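This report refers to the structure that appears directly beneath it.
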Amino acid sequence: MGLEEILKQQVKAAVKALYGIDADDKQIQLQKTRPEFEGNITLVVFPFVKLARKAPAQVAEEIGKAMTDSAIVGEPVIEKFNAVQGFLNMSIAPSFWIEQLEAIAANPQYGEQPDRNQLMMVEYSSPNTNKPLHLGHVRNNLLGSSIARIQEANGWKVVKTNIVNDRGIHICKSMLAWLKFGNGETPESSGKKGDHLIGDYYVRFDKEYRKQIAELMAGGMSEDDAKREAPLMKEAQAMLLKWEQGDKEVRELWAKMNSWVYAGFDETYKMMGVSFDKIYYESNTYLEGKKEVERGLQEGLFYRREDGSVWADLTGDGLDEKLLLRSDGTSVYMTQDIGTAKLRYQDYPIDKMVYVVGNEQEYHFKVLSLLLDKLGFPFGKELVHFSYGMVELPNGKMKSREGTVVDADDLMEQMIKDAKEISKDKVNTLPDITEAEANEIARKVGLGALKYFILKVDPRKNMLFNPEESIDFNGNTGPFIQYTYARIQSVLRKGRPTSSPSLIGRGVNSPDTLNDKEVALIQRLTDYPATVKQAGEEFSPAVLCNYAYALAQEFNSFYHDYSILNEADEQKKNLRLLLSAEVAKVLKHAMALLGIEMPARM
RNA sequence: GGUUCGGUAGCUCAGUUGGAUAGAGCAACAGCCUUCUAAGCUGUGGGUCCCGGGUUCGAAUCCCGGCCGAAUCACCA
């Protein structure tokens, strides 16, 4: 049983004995004692003050006394206490802390919840195949894969899925521009990564398209009309129609260009360290979606306008009317998402479906949820849109078409380069290091810095990235935590406990056995399972970042103040070695949930 | 305009179901490597928690009203 549960029970017994109060869990507020006071855990006694009809300080004093009285609480876990106003600061007995540490050491899966035998599908990444991945996608991928790992640690079976947006008007734009301006360029001929090559033509399309709009407007046309009437746009739309009709040439071109993009994406995913269990392609799911829309039309759920387009009227649900099929019969984003959802539930016994998609699409998912529900799918109402915030640049949002993006490949490469550069400046550069190992460390550290930088901010909030300022390697960063880990590994290479963990605590239970920093570390370690749980419930990798940072910081402080290997007292030395090893274990586990690798040296 | 989300130190961000004098990092300044890795440790300065009301023993946190910012309301995805 964890410390909190034990304390809660004892508090219950205490207030029952003192005041006849049957306290519920909500009234028992335990928090970490602030450093300026003595103690480890603090009980807020205000909730009992009214019922006890006494002054807060007196109530705190009385509860404190009861908590140390074995006649009331059974075996007390607190050895002393002090009362400050309405706060009861309690000190836990060292023997209890040592038992906790031993229990942690004995559990290789420490922090993980038991299997709950339920399946969660997590959709993330979901790229368009008309451009390379940028920083916005990086946030999506890192959040998605981290959340998948976190939910696994919380006992879910997780299927990671990716719905590749491989068809649609945006792809046609790249294809068209390539046909018109490409001169047969291929990844081989140009040496460009496939996704980058295609992205260049997407940008090119937009450039030429704007030119045409400007010309038409100069000729006296309104902007809206010009956008519609521009020949390039008409050609792209015609191409999409041909694609849906299965035109051989268009399909072949499409397949070829997509294959270039996939090769490029695979490299990026690999470098980023993300993967999927099942990939869906919209080119395979949109027909299913169309079928469902047709069915809805027949059942009178949707309606057709004079021009042939199909709509859902959601005004009764407080939303607008939503297009489901264009007048030319081609499908839209929503159509495909309906089909994809249906197929997924056919393929897997999904208990919970989570879409990791930016908050700019909140409306879309509200509509999707409603539409699925109207179509009679029981999972419509259940879907979870994990809506995360945008990555903004100092001058606003990233726009692929306008070329104001931070490219994912470039960014990762730069981070690794920076990590390499920084390591060269270090005083303690590892003397016997090979070039290969140095590169491997730089990769872990560079990517660790990037991932932590992104994951440490609350996923729901927009975040700012300034390309002018390089991402830090000092302070509250991934490398800080990696460094702490590497230090511990270095110590452990030089010394191991000379007795088994279960024996370490024996006979060292005198009050001075544990110093403040050791207690703080053990206490922090005992928080870990609750932290993993919280990260899962809140879908927040940031919770784990904060935890890992606090743990690493406390370890560094301990490391600075106390010697481990040179400690003369064998018992204490063993205890510190064990404590260090457990800190390293938990740091590694937490960072693994974030997708951050730990170097054994750095 | 409707809806949703946000506003905390110069900058980037934490801040549990309301709890003690609001915290980190970066940047600035001052210290600490003959001792287990200085990507570290210690200290100093830095705040109208957007504004105004309300709820109560207690509000950055909850409620109401403003102000500011973002997203969205497409035959884009």
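Since the model is a prediction, treat every value here as computed from it, not as a measurement. Proteins come first, then strands; the chains are lettered A, B, ... in the order of their sequence lines, and each starts at number 1. Worth knowing before you read on, the calculation uses all heavy atoms, side chains too, and leaves out hydrogens, waters and symmetry mates.
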Test side chain to side chain donor-acceptor pair (under 3.5 Å) on Thr330(A) and Asp328(A); report intermediate values, then the result. CA-CA 6 Å; Thr330(A) 56; Asp328(A) 64 2; 2.7 Å; yes
Tell me, with the steps shown, if Asn258(A) and Asp166(A) meet side chain to side chain donor-acceptor pair (under 3.5 Å). CA-CA 7 Å; Asn258(A) 269 348; Asp166(A) 62 343; 4.6 Å; no
Show your working on side chain to side chain donor-acceptor pair (under 3.5 Å) between Asp418(A) and Gln414(A) and close with a plain yes or no. CA-CA 6 Å; Asp418(A) 288 352; Gln414(A) 189 58 47; 3.0 Å; yes
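In this model, the phosphate group of U72(B) is not approached by any side-chain N or O of Tyr363(A) to a distance below 4.0 Å at OP1 or OP2. For G23(B), the OP1/OP2 oxygens have a side-chain nitrogen or oxygen of Arg34(A) closer than 4.0 Å. In this structure, Lys50(A) reaches the C57(B) phosphate: one of its side-chain N or O atoms is under 4.0 Å from OP1 or OP2. For the OP1/OP2 pair of U37(B) and a distance below 4.0 Å, the side-chain nitrogens and oxygens of Lys494(A) include at least one atom meeting the criterion. Of the side-chain N and O atoms in Asn474(A), none sit less than 4.0 angstrom from OP1 or OP2 of G25(B). At C36(B), none of the side-chain N or O atoms of Arg496(A) fall inside 4.0 Å of OP1 or OP2 (strictly under the cut-off). Of the side-chain N and O atoms in Arg493(A), none sit less than 4.0 angstrom from OP1 or OP2 of U37(B). Contact annotation: Ser557(A) reaches the phosphate of U42(B) (side-chain N/O to OP1 or OP2, under 4.0 Å). OP1 and OP2 of U17(B) both lie 4.0 Å or more from every side-chain N or O belonging to Lys26(A).
Using a 30° and 60° split on the angle between ring planes, His364(A) and Tyr333(A) fall in the parallel class, below 30°. Aromatic ring pairs are classed by plane angle as parallel below 30°, tilted from 30° to 60° and perpendicular above 60°; the pair Trp243(A) and Trp254(A) is perpendicular. Relative ring orientation between Phe87(A) and Phe46(A) is described as perpendicular, the plane-to-plane angle rising above 60° on a 0-90° scale split at 30° and 60°.
Between the P atom of A14(B) and the CD atom of Gln534(A) lies a distance of 13 Å, rounded to the nearest Å. Rounded to an integer number of Å, the gap from CG of Asp224(A) to P of C76(B) is 13 Å. Rounded to an integer number of Å, the gap from Asp458(A) CG to U61(B) P is 17 Å. Rounded to a whole Å, the CD1 atom of Ile596(A) is 19 Å from the P atom of A39(B). In this entry the distance linking CG of Asn395(A) with P of G69(B) reads 17 Å, nearest Å. When rounded to the nearest whole Å, the span between CD of Gln361(A) and P of C73(B) equals 9 Å.
Among the protein residues, Asp328(A) comes within range of no part of the nucleic acid, since none of its heavy atoms lies under 4.0 Å from any strand. Using a 4.0 Å heavy-atom criterion, one finds that Ile169(A) contacts the sugar-phosphate atoms exclusively. Base engagement by Gln29(A) is indicated by at least one non-hydrogen atom pair under 4.0 Å involving a base atom. Residue contacts for Asp24(A): at a heavy-atom cut-off of 4.0 Å it reaches no nucleic acid atom on any strand shown. Residue-level contact check: Leu464(A) touches the backbone only, with heavy atoms under 4.0 Å from sugar-phosphate atoms and none from bases. Nucleic acid contact class of Gln85(A) (heavy atoms, under 4.0 Å, all strands): none. Among the heavy atoms of the strands lying under 4.0 Å from Met463(A) are primed sugar atoms or P, OP1, OP2 only; no base atom is included. Looking at heavy-atom distances under 4.0 Å, Arg601(A) makes contact with a base. Residue contacts for Phe558(A): at a heavy-atom cut-off of 4.0 Å it reaches no nucleic acid atom on any strand shown. Phe480(A) comes within 4.0 angstrom of the backbone, heavy atoms only, and of no base.
The Asn89(A) side chain lies nearest to A20(B) when the options are A70(B), A20(B), C76(B). In the set A39(B), C57(B), A70(B), A39(B) carries the atom at the smallest distance from any side-chain atom of Phe473(A). Candidate nucleotides C13(B), G40(B), U37(B) were compared by shortest atom distance to the side chain of Ala486(A), and U37(B) ranks first. Side-chain proximity of Arg487(A) to the nucleotides G40(B), A20(B), C36(B) is greatest for G40(B). Counting only heavy atoms from C-beta on, Lys461(A) has its side chain closest to G6(B) among C41(B), G6(B), A77(B). In this structure, of A77(B), U12(B), U72(B), it is A77(B) that holds the atom nearest to the side chain of Asn165(A). Picking from A39(B), C36(B), G40(B) the nucleotide with the shortest atom distance to the side chain of Ile564(A) gives C36(B). Candidate nucleotides A20(B), G25(B), U35(B) were compared by shortest atom distance to the side chain of Asn566(A), and U35(B) ranks first. In the set U72(B), G40(B), U37(B), G40(B) carries the atom at the smallest distance from any side-chain atom of His560(A). Distances from the side chain of Lys366(A) to the nucleotides A39(B), U37(B), U3(B) place U3(B) closest.
Contact annotation: side chain of Thr42(A) to base of A20(B), donor-acceptor pair present below 3.5 Å.
Heavy-atom contacts from other residues, nucleotides or ligands closer than 6.0 Å to NZ of Lys533(A) number 12 or fewer. The number of heavy-atom neighbours closer than 6.0 Å to NZ of Lys456(A), taken from other residues, nucleotides and ligands shown, is above 12.
Pairing each heavy atom of Ala52(A) with each of Val59(A), the nearest pair is CB-CG2, 3.9 Å. The two atoms that bring Pro127(A) and Asn162(A) nearest to each other are CD-OD1, 3.3 Å, heavy atoms only.
Between G23(B) and G46(B), the distance separating the two C1' atoms is 13 Å to the nearest Å. Here the separation of G25(B) from G66(B), taken at their P atoms, is 40 Å to the nearest Å. Comparing the same atom, C1', in U42(B) and in U61(B) gives a spacing of 32 Å after rounding to whole Å. A59(B) sits 12 Å from G54(B) when the P atoms are compared, rounded to a whole Å. Taking the C1' atoms as reference points, A9(B) lies 24 Å from C5(B), given to the whole Å. Across the P atoms, G19(B) and C63(B) are found 15 Å apart, a figure rounded to whole Å.
Per the stacking criterion (ring centres < 5.5 Å, plane angle < 30°), Phe46(A) stacks onto the base of G19(B).
Shown here, A71(B) forms a base pair with U3(B); the pair counts as Watson-Crick or G-U wobble because both key distances fall under 3.5 Å. Nucleotide G40(B) has C32(B) as its partner under the Watson-Crick or G-U criteria, with both atom distances under 3.5 Å.
Taking the ring axis of Tyr388(A) as reference, the NZ or CZ atom of Arg460(A) does not stay both within 45° of it and closer than 6.0 Å to the ring centre.
Of all the residues in residues 539-552 of chain A, Asn546(A), Tyr549(A) reach under 4.0 Å from RNA chain B with at least one non-hydrogen atom.
Mapping Val44(A) and Asn128(A) onto RNA chain B by nearest heavy atom places Val44(A) closer to the 5' end of the strand.
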